[in-house]
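See structure below.
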Amino acid sequence: MWTTARRFGWDGPVNDRDAVLDAFEEHRSTLTGVAYRMLGRFADAEDVVQEAWLRWSRADRDEVREPRAYLVRITTRLALDRLRQVQSRREAYVGPWLPEPVTTDFAAAVPDTAERAVLADSVSLALLVVLESLSPLERAVFVLREAFGFPFPEIATALERSESAVRQLATRARRHVDERRPRFDVDPVQQRDLTERFLAAATGGSLEDLLALLAPDVRLVSDAGGKAKAARRVIESADKVGRFLVAVSNLQVPGLELRFEEINGTPAFVLLAQGRPDTVFSLGITDGRITAVYIMRNPDKLTGVRA
């Protein structure tokens, strides 16, 4: 515990460190979840949580009535500042931009199927893509309200806005997300089955087998940030997506290993080169057909995937 405190910059009295760190660690997963959903990058989320720790370690304890609310407020404001900074950088991003994938383990950690489905949906790549189109304040309100269930008065305090303004932001954000978010199936058994069939068809180079799995309006989005080979534009339609995947499958790369993982709450597969994540394939599935193919190849954005 003392090592962790040192790593996050603790320089206070030794006698206080355990209580201060325990209070922070109790809410760390919530803080990381808020920051990741707001920023779409695990590395940025970790930076924000580290800064939140520094502020927490220096806070006047007599003025903190509720540690969780205080920490969420700090994290939200820091994430808002970071979000405004990174949005300008993303305008110059090479090729399509996707959120940073992260390894999850909801299947083991959350026994209740309905609760697991809600949790997986709140961190799905499809939702995070849509959240990119919200304003920073709308995104903050949506994340705090929809993903974590914070009450409007608490959100208003965190954002330093009136409760009525926060309610309006929540309504706009919810309407925007409902209009743009694809409704993917959440049955993990079906997702795993289709993912395995997709993998077999893609690696086998069978256009016919791929077309049988792809929806007519399927979209393929590749994110490499100019740092690896990938499609520079979104590919649309079953025929174009299928032909692209067949062409890619013919480019055999020696030494690659394949592993199935739960990525952002859904079954996916990871290609590893020399034991390190090289490519992540994640699928969106609706009514038994693949409606989205997400391919992440930017090495800077694979740090949240288990090696």
Side-chain angles (χ1 to χ4, degrees), residues 1-12 17 20-59 67-90 93 97-106 109 119-120 122-125 127-129 131-132 136 139-140 142-144 147-148 150 158 223 225 227 261-265 268 270 272 275-278 280 282 294 296-307:
M1 192 174 291
W2 177 227
T3 302
T4 303
R6 283 286 193 189
R7 180 165 61 88
F8 281 96
W10 171 261
D11 56 5
R17 71 174 186 264
V20 173
L21 186 59
D22 285 349
F24 185 82
E25 289 294 336
E26 181 182 354
H27 305 295
R28 179 196 288 275
S29 62
T30 297
L31 306 182
T32 303
V34 168
Y36 173 68
R37 287 166 176 82
M38 285 187 60
L39 295 167
R41 283 205 62 185
F42 191 69
D44 287 335
E46 285 191 317
D47 288 344
V48 164
V49 172
Q50 178 172 339
E51 179 62 28
W53 157 255
L54 293 175
R55 299 197 180 192
W56 167 250
S57 66
R58 299 164 184 164
R68 179 173 181 265
Y70 179 87
L71 287 167
V72 168
R73 183 164 67 249
I74 292 175
T75 301
T76 301
R77 292 175 182 175
L78 289 170
L80 275 172
D81 291 341
R82 177 66 66 94
L83 183 59
R84 294 182 178 111
Q85 295 170 10
V86 299
Q87 281 184 331
S88 61
R89 296 202 302 267
R90 289 175 190 171
Y93 196 77
W97 187 95
L98 284 172
E100 181 177 312
V102 294
T103 301
T104 52
D105 196 16
F106 298 150
L119 186 58
S122 76
V123 76
S124 69
L125 293 174
L127 175 60
L128 294 177
V129 168
L131 293 186
E132 283 296 307
R139 186 165 183 167
F142 184 91
V143 167
L144 293 175
F148 292 93
F150 285 101
D223 180 345
K227 299 184 177 183
E261 284 281 359
E262 183 186 284
I263 300 292
N264 289 76
V270 181
L272 299 100
R276 296 182 178 182
D278 176 85
V280 172
S282 181
Y294 299 117
M296 283 69 74
R297 300 213 65 216
N298 185 339
D300 296 339
K301 296 170 70 173
L302 295 178
T303 58
V305 177
R306 187 161 43 207

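Counting begins at 1 with the first residue of the sequence.
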Tyr294: side-chain hydrogen bond (donor to acceptor under 3.5 Å, both in side chains) partners, not counting sequence neighbours: none
Do Thr76 and Met38 have side-chain heavy atoms sitting under 4.5 Å apart? yes
Rounded to the nearest 0.5 angstrom, the CD-CZ distance for Glu51 and Arg77 is 14.0 Å
I need the Leu302 CG to Phe42 CZ distance, nearest 0.5 Å. 13.5 Å
Which residue in the set Thr303, Asn298, Asn264 passes side chain to side chain donor-acceptor pair (under 3.5 Å) when paired with Glu100? Thr303
Check: Thr32 side chain, Ser29 main-chain N or O, donor-acceptor pair, under 3.5 Å: no
With heavy-atom distances below 4.5 Å as the criterion, would you say the side chains of Thr104 and Ile263 are in contact? no
Is it the case that the side chain of Arg82 and the backbone of Leu78 share a donor-acceptor pair, with hydrogens and angles ignored and the cut-off at 3.5 Å? no
In terms of relative ring orientation, are Trp97 and Tyr93 parallel, tilted or perpendicular, with 30° and 60° separating the classes? perpendicular
Under the side-chain contact (heavy atoms from CB on, under 4.5 Å) criterion, do Phe24 and Val49 qualify, and how do the steps go? CA-CA 10 Å; Phe24 185 82; Val49 172; 3.7 Å; yes
Check: Leu272 and Arg276 side chains under 4.5 Å, non-hydrogen atoms: no
Just one of Val123, Leu128, Leu131 clears the side chain to side chain contact (heavy atoms under 4.5 Å, CB included) bar with Pro99, so which one? Leu128
If we ignore angles and hydrogens, is there a donor and acceptor under 3.5 Å between the side chains of Arg68 and Thr30? no
State, with a plain yes or no, whether a side-chain heavy atom of Trp53 is found less than 4.5 Å away from one of Leu21. yes
Could you report the tightest heavy-atom contact between Ala120 and Gly265, atom names first, then the distance? CB-O, 3.6 Å
Salt bridge (Lys or Arg N to Asp or Glu O under 4.0 Å): which pairs involve residues 297-307, sequence neighbours left out? Asp223-Lys301, Lys227-Asp300, Glu261-Arg306, Asp278-Arg297
To check you understand the geometry: which heavy-atom pair defines the closest contact between Thr75 and Ala35, and what is its length? CG2-CB, 4.2 Å
With Arg139 via salt bridge (charged side-chain N to carboxylate O under 4.0 Å, His left out) - residues at least two apart: Glu132
Got a donor-acceptor contact below 3.5 angstrom from the Trp56 side chain to the Val20 backbone? yes
Only residue of Leu125, Val305, Val270 satisfying side chain to side chain contact (heavy atoms under 4.5 Å, CB included) with Met296 is Leu125
